[in-house]
Enquirer: 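I have a structure here, written as structure tokens, and I will follow up with some questions on it.
Chain letters run A, B, ... following the sequence lines, proteins first, then strands; residues in each count from 1. Fair warning: this is a prediction, and the values are worked out from it, not measured in the lab.
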There are 2 protein chains.
Amino acid sequence: MRCIDQFKSAAIKNPTLTDVARTAGVSYATADRVANERGNVAQKSVQKVKEAMTQLGYVRNVAAANLSTNRIYRFAFLIPGGKNAFFKRMRLHLQRVSDVMMADRVHIEVIDTDAFKSASLFEGLQQVVASNADGVAVVGLSTSNLEKPLNALRAQGVPVVGLVSDLPTHQRDAYIGINNKVAGRTAGRLIGLSHAGLPGAVALLAGSLKAQDHCDRLMGCREVLEADFPNVELLPTAFTFDDQQKVHDAAVEALASNDRITALYNVGAGNIGLLKALESTARPARFFCLVHELVSHTRTALVNKQIDVVIDQRPDVEINRAMTYLQALVDNRDIPPMQEHVPTIYVRDNVPSDIPETD
Amino acid sequence: MRCIDQFKSAAIKNPTLTDVARTAGVSYATADRVANERGNVAQKSVQKVKEAMTQLGYVRNVAAANLSTNRIYRFAFLIPGGKNAFFKRMRLHLQRVSDVMMADRVHIEVIDTDAFKSASLFEGLQQVVASNADGVAVVGLSTSNLEKPLNALRAQGVPVVGLVSDLPTHQRDAYIGINNKVAGRTAGRLIGLSHAGLPGAVALLAGSLKAQDHCDRLMGCREVLEADFPNVELLPTAFTFDDQQKVHDAAVEALASNDRITALYNVGAGNIGLLKALESTARPARFFCLVHELVSHTRTALVNKQIDVVIDQRPDVEINRAMTYLQALVDNRDIPPMQEHVPTIYVRDNVPSDIPETD
DNA sequence: AACAAAATGATAGACGTCAATCATTTCTAG
DNA sequence: CTAGAAATGATTGACGTCTATCATTTTGTT
């Protein structure tokens with residue numbers, strides 16, 4: 001953009017620190033002292049060098065710098081292990097990206113954590129502290145206190161990025177994830193729209209009120225329906241602890257007990273159970289079904305018209321963003337401009353065809 | 001992932017070509033000849049070197065390579081100029097990204113083309129051919145024949161990426177953009193869902209049948225409604241040539257003439273005219289309004305409940321992807337894994353808050 | 001003016017790759 | 001067996017930055 005004139009001419013050359021030193025009228029050593037803040041430089045020299053930098057549009061050549069220091073980026077990702085399809089998808093993407101990132105000297109280690117055990121997270125983090133990583137991304141747990149290891153990391157200058165579930169603001173450098181209240185509101189909006197003003201009743205399934213994200217989603221959904229769709233009644237939430245069997249039973253019960261039911265929204269996980277319930281149970285004539293997270297089985301159900309909408313968090317995008325953030329933080333660079341990460345809505349027509357099998 | 005063991009130990013080092021040569025039992029020169037395909041190497045040597053590479057997990061250090069060749073990436077983006085808010089947003093993102101990319105030695109030139117003039121595109125491309133860019137991204141035009149300049153570029157080894165509107169498959173290396181039939185189907189699905197089985201009629205506005213993307217969207221929308229929502233009638237399409245005034249008039253007429261109208265879908269541009277019409281005209285009790293492309297005014301209208309859904313192409317994501325593709329193509333690298341780019345659905349709750357003003 | 005302290009200059013090796021050159025060895029055909 | 005071709009080895013400078021050392025100049029203090 002700023003370089004159209006140069007661009008046209010055959011040879012473009014970025015100014016080097018030597019160029020800066022020359023136009024500033026100082027030696028390379030001094031320019032270097034200024035650039036790398038090594039101190040022992042007179043104010044007026046600092047001034048001269050900085051002016052030369054802006055004048056020439058000097059940009060530090062990160063590649064050369066990394067080469068000279070033999071820089072390698074070692075990033076650790078702490079992600080819940082186990083059978084959860086969403087995190088499986090996340091780990092799969094991480095693995096794929098990892099191969100490509102090798103060329104950029106980015107090494108990735110994935111540490112499986114126990115999804116709901118605070119101790120496991122704590123232990124994983126301590127492992128990272130010891131492994132002298134350059135950056136860490138953590139899927140946190142709102143109930144666990146990770147202050148000590150996180151502060152230890154950040155005291156070492158290791159940036160920490162919260163992933164999917166936020167950490168206390170002062171314990172991390174950035175948060176990459178959706179706003180779950182927004183996700184809930186989005187669900188509420190779509191449920192409301194699907195009623196076209198007709199009366200209806202929504203069955204709600206959630207894991208537990210202890211999960212902050214589930215709470216937020218429920219709240220968002222309720223907010224929108226109460227404000228904009230008084231024709232839609234909210235039935236009491238059933239809690240499933242994200243267990244497939246419990247989800248199944250709750251869905252069957254909801255469908256059977258209330259013949260006014262027109263919509264079902266599962267705020268949490270365990271959708272396989274829900275799908276089984278939908279297969280075996282008669283569905284009302286008017287029925288709108290909405291779940292979270294696009295994985296192979298929810299995708300199939302979407303295409304097969306068992307469910308109508310999937311709200312997805314785009315774990316691949318989140319991983320990419322985490323990586324970008326970590327690199328920028330480590331290099332002390334500007335973070336590239338990126339649009340706010342919001343929940344994605346999939347209906348059966350805009351669903352990507354390349355969702356990997358994770359089962 | 002593959003390097004957990006190394007990761008744990010304090011010092012990690014990527015193998016260099018010297019290491020490869022050593023374990024292959026050949027000189028650096030020979031290893032280099034293999035790595036850079038310079039020829040004049042015996043088959044068995046090639047074999048030995050390649051084996052050593054896979055054995056050690058050698059990955060070419062792109063940073064060092066680019067440093068030694070003084071590589072600079074010069075990418076040209078041919079994007080329609082003028083007042084169109086969507087392309088304004090695209091150019092704005094390009095500009096922002098450009099600043100950050102300077103650190104990676106990526107220079108970006110944006111060439112404004114005349115949105116609908118084939119000659120302008122042709123001229124712009126010839127300009128690029130002359131400017132010896134390293135890669136080109138073009139917003140094409142289905143009606144124009146760009147075979148000559150495109151082939152000239154690709155003959156020079158300059159990768160060409162089609163953006164937003166596809167080019168003939170054999171004339172480009174990749175296409176970055178949404179599938180417009182999918183976009184239309186998505187619109188149709190949402191319109192259908194919004195009727196909850198009640199009867200309705202959809203007013204359709206489009207620019208012109210000459211625009212391939214508009215055709216595709218109309219077709220997709222019709223497909224879904226006819227197949228899955230027989231209760232929704234499709235009214236004849238009004239053609240607006242993407243002119244605000246014509247869009248306004250068509251919308252007013254549609255709302256006035258047909259009291260059964262329950263939805264309006266503008267397949268094309270000129271939404272400012274539509275918004276004016278919605279402000280001044282009485283809307284039916286049941287009314288679902290859907291448009292394309294999130295820009296400041298459509299975002300405002302979404303939040304203010306004038307429209308219900310915006311289907312967006314995510315120009316920022318498209319730009320980023322184009323950049324990634326071009327870099328990978330130039331470096332002859334693998335393209336990082338990325339999920340299929342599909343149209344994004346925005347309702348007023350999941351709409352990003354940081355859409356820049358482009359008016 | 002003398003002296004220490006602060007600032008500056010000059011320079012060199014390392015990082016991994018590319019792109020050369022030139023000498024030497026090995027292979028192949030007649 | 002030998003000339004010529006093909007293959008290989010050895011080596012070098014450049015790219016831009018970092019890090020270090022050491023010599024020299026300038027500054028400020030008494």
Enquirer: What integer distance in Å separates A:R60:CZ from D:dT17:C1'?
Expert: 8 Å
Enquirer: Just compare D:dT19, C:dC18, D:dC15 and give me whichever is closest to any side-chain atom of A:T69.
Expert: D:dT19
Enquirer: Between C1' on D:dA14 and CG on A:L67, what's the gap in Å once rounded to a whole number?
Expert: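 Interatomic distance, CG of A:L67 to C1' of D:dA14: 12 Å.
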Enquirer: Check every strand shown and say whether A:A29 touches a base, only sugar-phosphate, or nothing at a heavy-atom separation below 4.0 Å.
Expert: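 Here A:A29 touches the bases of the nucleic acid.
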Enquirer: Want to settle it: does A:K44 or A:L17 sit nearer the 5' end of DNA chain D, counting the closest nucleotide to each?
Expert: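 Per heavy-atom nearest nucleotide, the more 5' residue is A:L17.
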Enquirer: Heavy atoms only, 4.0 Å cut-off, all strands: where does A:N66 land among base, sugar-phosphate and nothing?
Expert: nothing
Enquirer: What does A:V62 touch in the nucleic acid at a heavy-atom separation under 4.0 angstrom: a base, only the sugar-phosphate, or nothing?
Expert: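 The answer is nothing, as A:V62 stays clear of every strand by at least 4.0 Å.
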Enquirer: On a heavy-atom basis, which atom in A:E340 and which in B:S353 lie closest, and how many Å separate them?
Expert: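 Here A:E340 and B:S353 meet closest at OE1-OG, 2.6 Å.
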Enquirer: Take the protein atom CG of B:N36 and the nucleotide atom C1' of C:dG16, then report the distance between them rounded to whole Å.
Expert: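 In whole Å, C:dG16 C1' lies 12 Å from B:N36 CG.
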Enquirer: State plainly whether the residues B:D316 and B:R96 are in salt-bridge range, i.e. N to O under 4.0 Å.
Expert: no
Enquirer: If you assign each of B:Q43 and A:R33 to its closest nucleotide in DNA chain D, which residue comes earlier from the 5' end?
Expert: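 Counting from the 5' end, the first nearest nucleotide belongs to B:Q43.
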Enquirer: Salt-bridge test for B:R60 and B:D331: reply yes if a basic N is under 4.0 Å from a carboxylate O, no otherwise.
Expert: no
Enquirer: Please determine if B:R71 forms a cation-pi arrangement with B:Y73, meaning its NZ or CZ atom is less than 6.0 Å from the six-membered ring centre and no more than 45° off the ring axis.
Expert: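 Checked: cation-pi criterion met.
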